[in-house]
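For reference, the structure discussed in these notes is given below.
So you know, we letter chains A, B, ... as the sequences are listed, proteins then strands, and number each from 1.
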Amino acid sequence: MDRYDPAQIESRWRERWETEGLHHTDLSDAARKCYCLVMFSYPSGDRLHVGHWYSYVPADCWARMRRMQGWNVFEPVGFDAFGLPAENFAIKHNAHPADFTEKNMAYMRTQLREMGAMYDWRREVVTCHREYYRWTQWLFLRLFEAGLAYRRKAPVNWCPRDETVLANEQVTPEGTCERCGTLVTKRDLTQWFFRITAYADALLEGLDRIDWPEKTKTIQRNWIGRSEGTEIRFEVEGLPGCALEVFTTRPDTLFGATYLVLAPEHPTVPELTTPERRYMVEEYRERTRRATEIERASTVREKTGEFTGAHALHPLSGERLPIWIADYVLPSYGTGAIMAVPAHDQRDLDFANAFALPVRRVIAAHGGPLHAQPQGAAAHGGGDEMTQAEDAEGVLIHSGRFDGMSSRVAMQEITRELERLGSGRRAVKTRLRDWLVSRQRYWGAPIPIVHCPTCGPVAVPDAELPVELPYDVDFSIGGGGPEGGGLSPLGRSASFRHTRCPACAGDAERDLDTMDTFVDSSWYFLRYLSPHDEGRPFDPAVVNTWCPVDMYVGGIDHAVMHLLFARFFVKALRDLGLLAFDEPFRSLRHQGPITRGGAKMSKRWGNVVAPEEYIPTYGTDALRVYMLFGFTFEQGGDWEDSGLHGASRFLQRVWRLYARHESLWDSAARETEEGETAERGAPEGIGEEAGSSNGDEPAAHARRELNAARQHAILRATQDLERFAFNTAISRIMELVNAANAFADAPRLQGSSSVAWAEEDRGLFRATLKDLVRLLAPAAPHLAEELWHAGGHDSFVLDAGWPEHDASAMAGEEITIVIQVDGKLRDEMRVARDLSEVEVRRRALAHGRIPETIGDRSVARVVVVPNRLVNVVTRGSG
RNA sequence: GCGAGAGUGGUGGAACUGGCAGACACGCGAGACUUAGGAUCUCGUGGCCUCGCGCCAUGGGGGUUCGAGUCCCCCCUCUCGCACCA
């Protein structure tokens with residue numbers, strides 16, 4: 001064996017794997033199927049850097065172990081090729097997104113190949129290809145038919161820079177565009193939505209059945225934001241037939257309501273505003289409209305609002321309640337109107353204090369005396385203004401016949417009473433809004449709808465799909481968007497725009513918007529299973545056996561958005577009878593971010609670490625090992641060249657280990673086929689009675705040590721890989737390398753060549769080398785392949801099976817037991833593993849300096865932790 | 001503000017249900033081999049000191065326990081999520 005030359009080894013094996021189709025998965029065999037998926041790449045203009053590798057390499061490492069364990073692993077790859085960044089990049093560089101995307105993907109493919117992952121390239125999926133988006137459109141139409149895709153005019157998020165609407169999920173908590181960072185504004189536009197809110201409960205329920213990080217589930221639960229409460233109807237005084245609906249989660253505080261507040265945008269506001277209040281109200285509404293999301297969402301801001309002049313009538317007490325508008329009530333949540341209970345809601349209290357509105361306590365602390373506070377004691381003007389709302393549940397007071405009830409009971413009783421009067425009902429509200437899917441941009445799948453002046457929106461017949469995205473279109477930004485008198489790019493193409501109505505054959509116009517790219521990525525994992533099927537989006541037979549995806553790896557930045565949308569899609573398709581399962585991703589893992597100089601890698605900062613820079617000198621395997629060993633998977637960390645250097649040194653050390661014992665290792669395959677003992681965990685002389693056969697105690701001892709290291713490595717590396725603890729898995733393998741070197745360098749072998757060793761040593765050592773190369777294979781597949789073949793094997797290491805842990809081989813192992821006296825480490829002793837507690841205790845008390853340490857104190861207690869330690873507890877000195 | 005998670009050597013990071021804190025590495029130091037070393041190998045490497053089977057050490061302070069990085073309470077710092085959601 002020559003020097004370790006990764007460049008040469010790696011390209012050679014990658015070619016062999018490719019030509020032999022080693023990574024092609026036979027999907028007809030689903031008996032032990034394992035669908036391992038990574039979030040596919042986005043060819044936006046940046047090439048893949050080590051940050052991308054950091055989700056792909058660990059996923060591949062895990063998948064390789066699964067494959068070696070005998071699973072039929074499917075690991076596909078593809079491109080999320082539509083989308084704004086690609087389009088913006090193309091505009092900036094005066095290119096066409098289609099051309100530029102193809103070019104970019106071509107480069108990324110070579111990058112991905114260099115990574116040495118087990119991708120089945122025959123099943124690549126590219127979302128911007130007509131063969132794919134045809135089915136995206138087809139699926140859109142199924143949702144349309146089912147009423148799950150609909151058009152509606154609504155205030156929507158508008159990104160002025162990208163000139164398109166955005167889904168709520170694409171607006172950051174700061175109110176900026178998730179893609180470009182521009183402040184998002186609101187516009188009233190007619191847009192396409194997917195009715196994801198209809199699946200709020202299903203989306204919540206499904207979370208309990210999937211193996212996802214708790215954090216991610218929490219984020220989704222919060223995003224969905226389900227709350228149960230009561231909708232209450234308030235008649236407006238003097239306006240018969242005009243009633244306001246409010247939503248509250250605290251119907252028990254109904255008698256504490258002292259005014260109502262509507263969102264400024266509430267549609268009833270103009271109708272009920274009195275003439276003398278109209279000017280102020282209109283002005284306030286205008287001011288609100290101009291305010292940005294951030295300004296409005298700020299909780300530290302002073303409360304503002306205006307009185308409408310109108311009054312509502314309390315449904316149970318008949319009391320007159322003033323109706324206000326204020327921007328602390330959001331138009332998009334609940335009914336856009338609230339009953340204000342200042343005594344028991346901080347926001348209402350702040351508002352009441354700002355505008356001198358009355359405060360009435362109606363909930364007393366549990367167990368406290370009823371009517372403890374005289375009516376109006378805390379009311380405004382009483383001198384001692386209430387500043388802290390009492391939002392805890394308790395017992396009702398000042399609530400008529402509901403007095404004395406607990407909040408819990410009163411919620412039900414009051415709701416029941418309102419239902420009886422026809423003034424209310426139980427209701428469930430969610431924070432989740434319907435998913436806005438139309439985009440006023442070019443680079444996406446056209447929405448397959450035709451707008452006919454007589455028939456309205458009509459589906460394009462399936463047979464006419466795809467509605468092809470025209471190539472020759474002016475997709476520049478600057479039209480001003482739908483409100484600026486401009487048209488979305490597709491509108492600028494007359495040939496695209498004008499068509500015939502599929503229903504009445506009259507002149508009609510195509511929908512001019514394209515779909516959000518999250519639609520593309522909501523079903524790509526289904527398409528991977530039959531990417532070339534021309535008759536349907538996916539093959540139900542294959543999809544229903546291979547899904548859900550067994551392991552999905554990607555960043556937590558998609559906790560809402562992609563991961564929520566894909567779940568919705570699968571649930572909707574299940575209900576449409578197209579799928580037999582309803583959760584797409586059974587297990588999910590998030591990698592942490594890889595930074596450089598503490599900052600996220602980006603072209604802008606000029607801190608991108610390109611794999612190509614390192615592969616020629618260090619090799620792919622070193623890069624892979626560094627990615628796996630140098631960080632905690634879920635945490636990520638800062639890139640350090642020195643870490644890569646260390647990983648490379650480790651691989652060199654492995655190489656030298658095999659090179660030094662080349663002659664011995666060379667015969668590994670043959671020896672194994674002879675069915676000798678090496679394959680089993682405990683060759684002759686390893687067991688408890690070891691050494692008795694030839695009386696060579698040091699030799700037997702050395703063999704026991706090596707075998708123990710070997711078994712530990714197998715056990716721990718396997719466990720660690722399974723739980724995505726790649727860094728510790730690699731460290732177990734390093735320990736085994738160290739142990740193997742120590743064994744071979746032992747003085748008793750007098751530096752003799754390993755082929756000259758005793759048969760027992762040779763057998764064990766060969767078996768160890770054989771296990772080692774296989775343990776290493778998921779992390780460093782090229783090197784492992786090379787070594788495997790150097791060991792005389794003809795098959796690929798991927799098909800060599802996974803080393804099996806042999807517990808019996810560890811039985812005779814000698815271990816160290818720590819002896820403490822009163823919790824302090826005082827000595828240690830070597831005993832056989834699993835020695836009885838009684839015996840361990842007896843020996844510990846007599847061991848070395850222990851009796852001396854105990855002195856004349858009496859032993860109160862002896863704690864024995866099996867195979868770990870003994871703690872002698874004394875009872876003071878005598 | 002609410003919720004979740006995290007604070008461990010010079011660095012990355014280990015430590016399963018409480019059981020030798022710092023595995024495995026990087027870096028550093030000393031030595032060996034070398035014409036040379038940014039190669040390789042060996043040894044050492046948390047702090048302190050009176051250099052001992054010594055003492056102190058897992059953000060700080062209390063507690064439970066034979067025993068606490070791990071469990072409980074209080075505080076500090078950082079990260080993330082939510083943030084007028086009625």
Side-chain angles (χ1 to χ4, degrees), chain A residues 173 213-216 218-223 225-227 229-230 246-250 253 261 263 296-301 303 326-330 332-341 344-348 350-351 391 429-433 556-557 559-560 592 625-626 629-632 634-635 637-647 649-650 652-653 656 716 719-720 723 725 727-735 737-738 741 745 816-828 848-850 852-853 860-875:
Chain A
E214 266 320 305
K215 183 178 179 143
T216 311
T218 304
I219 292 173
Q220 291 215 346
R221 286 192 189 103
N222 287 344
W223 186 262
R226 182 183 198 275
S227 59
T230 305
V246 307
F247 174 70
T248 178
T249 54
R250 293 293 302 274
T253 64
V261 188
R296 180 153 181 177
S298 168
T299 45
V300 292
R301 202 165 48 104
K303 290 273 184 292
D327 65 1
Y328 82 93
V329 174
L330 308 174
S332 56
Y333 184 78
T335 58
I338 62 156
M339 63 176 201
V341 185
H344 304 292
D345 183 291
Q346 191 62 46
R347 298 156 299 180
D348 297 342
D350 293 344
F351 190 80
D391 53 9
K429 299 289 176 195
T430 60
R431 203 189 90 112
L432 179 70
R433 310 282 76 192
I556 195 168
D557 38 328
V560 284
V625 168
Y626 172 46
F629 178 69
F631 310 88
T632 305
E634 308 83 35
Q635 251 173 261
D638 213 52
W639 172 274
E640 296 277 357
D641 283 4
S642 61
L644 175 60
H645 188 70
R649 274 184 22 178
F650 166 63
Q652 304 270 8
R653 216 153 44 233
R656 279 197 305 275
R716 295 297 304 277
Q719 288 172 347
D720 288 349
R723 64 187 179 99
N727 53 347
T728 50
I730 302 285
S731 75
R732 300 306 147 207
I733 298 170
M734 287 173 166
E735 281 170 347
V737 172
N738 294 343
N741 275 320
D745 294 339
T816 302
I817 295 224
V818 166
I819 308 172
Q820 298 179 335
V821 176
D822 293 324
K824 292 203 195 277
L825 180 64
R826 283 295 178 260
D827 209 338
E828 55 185 49
R849 313 184 130 247
I850 296 303
E852 186 186 321
T853 312
R861 204 179 144 187
V862 179
V863 181
V864 178
V865 181
N867 293 330
R868 281 193 185 274
L869 64 64
V870 176
N871 188 10
V872 181
V873 185
T874 67
R875 191 184 290 122

[atom1]-based separation of [M] from [N] [nearest Å]:
N	M	atom1	answer
B:G44	B:G12	P	24 Å
B:A25	B:C76	C1'	32 Å
B:G9	B:G63	P	24 Å
B:G69	B:G62	P	15 Å
B:C51	B:G19	P	35 Å
B:G22	B:C66	P	25 Å
B:U40	B:C33	C1'	8 Å
B:U8	B:G61	P	16 Å

Does [X] have any side chain to side chain contact (heavy atoms under 4.5 Å, CB included) partners at least two apart in sequence or in another chain, and if so, which?
X	answer
A:Asp557	none
A:Pro213	A:Thr216, A:Leu588, A:His590
A:Glu852	A:Arg849
A:Asp391	none

Which heavy atom of [X] sits nearest to which heavy atom of [Y], and what is that distance?
X	Y	result
A:Gly334	A:Phe247	CA-CB, 4.5 Å
A:Ile338	A:Tyr328	CD1-OH, 3.7 Å
A:Arg250	A:Thr248	N-OG1, 2.9 Å

In whole Å, I'd like the distance from the [atom1] atom of [X] to the [atom2] atom of [N].
X	N	atom1	atom2	result
A:Asn871	B:U65	CG	P	15 Å
A:Gln820	B:G18	CD	C1'	12 Å
A:Leu330	B:C82	CG	C1'	14 Å
A:Asn867	B:G19	CG	P	14 Å
A:Phe631	B:G13	CZ	P	8 Å
A:Lys824	B:G54	NZ	P	10 Å
A:Gln635	B:U11	CD	P	15 Å
A:Glu214	B:A4	CD	P	12 Å

Listed by chain and number, what are the side chain to side chain donor-acceptor pair (under 3.5 Å) partners of A:Asn738, not counting sequence neighbours?
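By the side chain to side chain donor-acceptor pair (under 3.5 Å) rule, A:Asn738 matches no residue at all.
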
Just to verify, what does A:Arg716 make a side chain to side chain donor-acceptor pair (under 3.5 Å) with, not counting sequence neighbours?
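A:Arg716 satisfies side chain to side chain donor-acceptor pair (under 3.5 Å) with no residue once adjacent residues are dropped.
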
Close N/O contacts between protein and nucleotides 79-81 of chain B (under 3.5 Å):
residue: B:C80; atom: O2'; partner: A:Lys215; partner atom: NZ; Å: 3.0

Check nucleotides 23-25 of chain B against the protein and report each pair of N or O atoms closer than 3.5 Å, with its distance, or say if there are none.
residue: B:A23; atom: O2'; partner: A:Glu735; partner atom: OE2; Å: 2.8
residue: B:A25; atom: OP1; partner: A:Asn738; partner atom: OD1; Å: 3.4
residue: B:A25; atom: OP1; partner: A:Asn738; partner atom: ND2; Å: 2.6

A:Arg649: which residues meet the salt bridge (charged side-chain N to carboxylate O under 4.0 Å, His left out) condition with it, sequence neighbours left out?
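None.
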
Using salt bridge (charged side-chain N to carboxylate O under 4.0 Å, His left out) as the criterion, list what pairs up with A:Asp638, not counting sequence neighbours.
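So A:Asp638 forms no salt bridge (charged side-chain N to carboxylate O under 4.0 Å, His left out) with any residue.
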
With the side chain of A:Tyr333 defined as its heavy atoms from C-beta on, choose the nearest nucleotide among B:C84, B:C82, B:A86.
B:A86

For B:G9, does the O4'-C1'-N9-C4 (purine) or O4'-C1'-N1-C2 (pyrimidine) torsion place it in syn, i.e. within 90° of 0, or in anti?
syn

Geometric class of the A:Tyr626/A:Phe631 ring pair [parallel <30°, tilted 30-60°, perpendicular >60°]
tilted

So what does [X] hit on the nucleic acid, given a heavy-atom distance under 4.0 Å: a base, only sugar-phosphate, or nothing?
X	answer
A:Arg723	sugar-phosphate
A:Ser227	sugar-phosphate
A:Gly334	nothing
A:Gln652	nothing

Position toward the 5' end of RNA chain B (nearest nucleotide), A:Val872 or A:Leu869:
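Of the two residues, A:Leu869 wins.
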
Of A:Val818 and A:Arg250, the one whose closest RNA chain B nucleotide lies more 5':
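Taking each residue's closest nucleotide, the earlier one in sequence belongs to A:Val818.
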
For nucleotides 42-53 of chain B, list the nitrogen or oxygen atoms of the protein found under 3.5 Å from its nitrogen or oxygen atoms, one pair per line.
residue: B:C53; atom: N4; partner: A:Arg849; partner atom: NE; Å: 2.3

Roughly how far apart are A:Asn871 CG and A:Lys824 NZ, rounded to 0.5 Å?
11.0 Å

List RNA chain B stems (3 or more consecutive Watson-Crick/G-U pairs, under 3.5 Å)?
B:1-7 with B:76-82, B:10-12 with B:24-26, B:27-32 with B:40-45, B:46-48 with B:54-56, B:59-63 with B:71-75

If we only count heavy atoms from C-beta on, is the A:Met339 to A:Thr253 side-chain gap below 4.5 Å?
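In short, these two side chains touch, coming nearer than 4.5 Å.
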
